[in-house]
Chemist: 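This is the structure I have questions about; it appears just below.
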Amino acid sequence: MAQKRDYYEVLSVGHDATEDEVKKAYRKLAIKYHPDKNPGDEDAEDSFKEATEAYEILRDPDKRSRYDRFGHAGLEGMTGGSGIDFGNFEDIVGDIFGDFGDAFGFGSSRRRTGPRRGRSLQYDMEMSLEDVIHGKTTTIEVPRLETCTRCNGNGAEPGSRPETCPDCRGRGQVTHSQGFLTMSRTCGRCHGDGRVVIHPCGACNGRGVSRATRKIKVDIPKGVDTGFKLQLRGEGEAGTNGGPPGDLYVAIHVIPHDTFTRDENNLITSAKISFVQAALGAEIQVPTVDGAEKLTIPPETQYGQQFRIRGKGVPYYNHYGSGDLIVQVKVQTPSKLTPEQRELLSQFAQLRGEQETPEQEHSGFFDKLFHRHHEDDDDEIK
């Protein structure tokens with residue numbers, strides 16, 4: 001087997017060539033070697049296929065990256081064994097030539113009367129954090145094109161059927177010859193379909209599809225996040241000429257929560273405690289999505305210290321278990337002290353060897369004690 005040439009060499013472009021430069025290089029070679037311009041020339045046909053294969057790889061960022069790193073070996077196992085899907089050959093050529101290809105005979109020789117897949121749709125759904133944690137089943141309404149039930153999608157009034165287009169004789173294209181040049185273009189009567197409807201369906205006006213709003217049940221799994229898309233196969237718009245329907249993608253947007261911040265599968269919240277609770281320890285109630293949960297605060301807890309409650313976060317998508325709830329403690333400085341309270345705190349300060357200044361008497365000496373940020377700790381609550 002002959003060794004494949006470097007794809008950049010085939011297209012005569014550098015390794016830093018832009019997408020437009022790759023496209024222009026391929027277009028030039030495709031015009032030169034296209035089989036329609038070189039009938040019976042096997043060398044030209046091979047060159048055309050080689051250029052098309054190179055273009056298919058270098059136009060795709062993922063395939064190009066793999067090729068740049070591993071060469072031809074990096075493309076083994078992909079469609080066709082070479083990285084090019086010749087089943088999409090018409091799309092590749094159409095991407096390059098468009099209407100220009102029709103004019104010079106580069107258009108598809110395949111009639112456009114074959115089955116066509118319906119268009120895929122996207123539905124944007126908002127979800128609360130509670131929905132994410134518990135999962136959600138709902139019914140959505142999706143406007144879409146569906147196969148006409150009156151004509152079963154063929155566009156013809158019941159009792160009649162589409163007929164072969166007399167202008168293009170079912171080819172979808174009409175051809176004109178001017179000397180050595182052959183000009184082809186899409187048939188203006190059937191618009192490339194190859195068939196015409198003499199008696200259009202009264203329900204869909206000959207289109208074969210009609211607009212309807214369909215109610216669809218959707219089961220959203222636990223643990224999803226903004227950006228997640230659920231694919232519902234066959235729930236898009238109807239195909240034409242017997243083609244399959246497209247798909248429906250449900251795009252998730254999670255509404256920010258007032259109490260919890262999400263960090264992957266963990267939830268973060270805060271809890272306020274008093275100076276006494278922080279110093280002596282206490283049991284407090286902290287919020288979770290499923291209700292209040294008891295949390296033990298150990299003695300000598302510092303401002304900003306974090307505690308972890310296992311399994312009270314967001315469930316893992318498609319896996320067992322959940323993340324954790326992380327509670328950050330905020331020690332509150334007491335205000336509006338009574339004379340007795342102030343006297344007791346002054347005694348406490350003296351016992352600790354701390355001397356209050358006149359400024360501290362007015363501002364509250366707890367500003368000095370508790371408005372300091374410490375490094376975060378993770379103390380597990382069992």
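On a predicted model such as this, the values are computed, not experimentally measured, just so you know.
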Chemist: For the residue pair T137 / D219, report whether a side-chain donor-acceptor contact shorter than 3.5 Å exists.
Modeler: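 The criterion, which ignores hydrogens and geometry beyond distance, is satisfied for T137 and D219.
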Chemist: Can you check whether Y249 and Y123 have ring centres sitting under 6.0 Å from each other?
Modeler: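 When the ring centroids of Y249 and Y123 are compared, they turn out to be at least 6.0 Å apart.
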Chemist: How far does NZ of K217 sit from CG of L232, to the nearest 0.5 angstrom?
Modeler: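 Output value for this atom pair is 12.5 Å.
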Chemist: Does any non-hydrogen side-chain atom of C148 lie less than 4.5 Å from one of V209?
Modeler: no
Chemist: Taking atom NE2 of H15 and atom CD of E9, what is their separation to the nearest 0.5 Å?
Modeler: 9.5 Å
Chemist: E237 vs L121, test: side chain to side chain contact (heavy atoms under 4.5 Å, CB included). Steps then yes/no.
Modeler: CA-CA 7 Å; E237 294 192 335; L121 303 174; 3.8 Å; yes
Chemist: Would you say the ring centers of Y33 and F48 fall short of 6.0 Å from each other?
Modeler: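 So the answer is no for these two rings.
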Chemist: Assess the side chains of Y316 and S322: does a donor N or O sit below 3.5 Å from an acceptor N or O?
Modeler: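 No, no side-chain donor-acceptor contact under 3.5 Å.
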Chemist: Can you check whether Y317 and F228 have ring centres sitting under 6.0 Å from each other?
Modeler: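 Yes, the ring of Y317 comes within the 6.0 Å limit of the ring of F228, centre to centre.
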Chemist: Is a side-chain donor-acceptor pair under 3.5 Å present for Q122 with D124?
Modeler: yes
Chemist: Taking K312 first and then D324, would you say they form a salt bridge - that is, a charged N and a carboxylate O separated by under 4.0 Å?
Modeler: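 No, this pair does not count.
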Chemist: Which value, rounded to the nearest 0.5 Å, describes the distance between N265 atom CG and H319 atom NE2?
Modeler: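 If we round to the nearest 0.5 Å, N265:CG and H319:NE2 are 10.0 Å apart.
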Chemist: For the residue pair V289 and H134, establish whether any side-chain heavy-atom pair is separated by less than 4.5 Å.
Modeler: yes
Chemist: Any side-chain donor-acceptor pair under 3.5 Å between D62 and S65?
Modeler: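 Looking only at side-chain atoms, S65 and D62 do not form any donor-acceptor pair under 3.5 Å.
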Chemist: Hey, what's the ring geometry for Y67 with Y7, parallel, tilted or perpendicular (30° and 60° as the breaks)?
Modeler: tilted
Chemist: Is there a donor in the side chain of H257 and an acceptor in the side chain of E130, or the other way round, less than 3.5 Å apart?
Modeler: yes
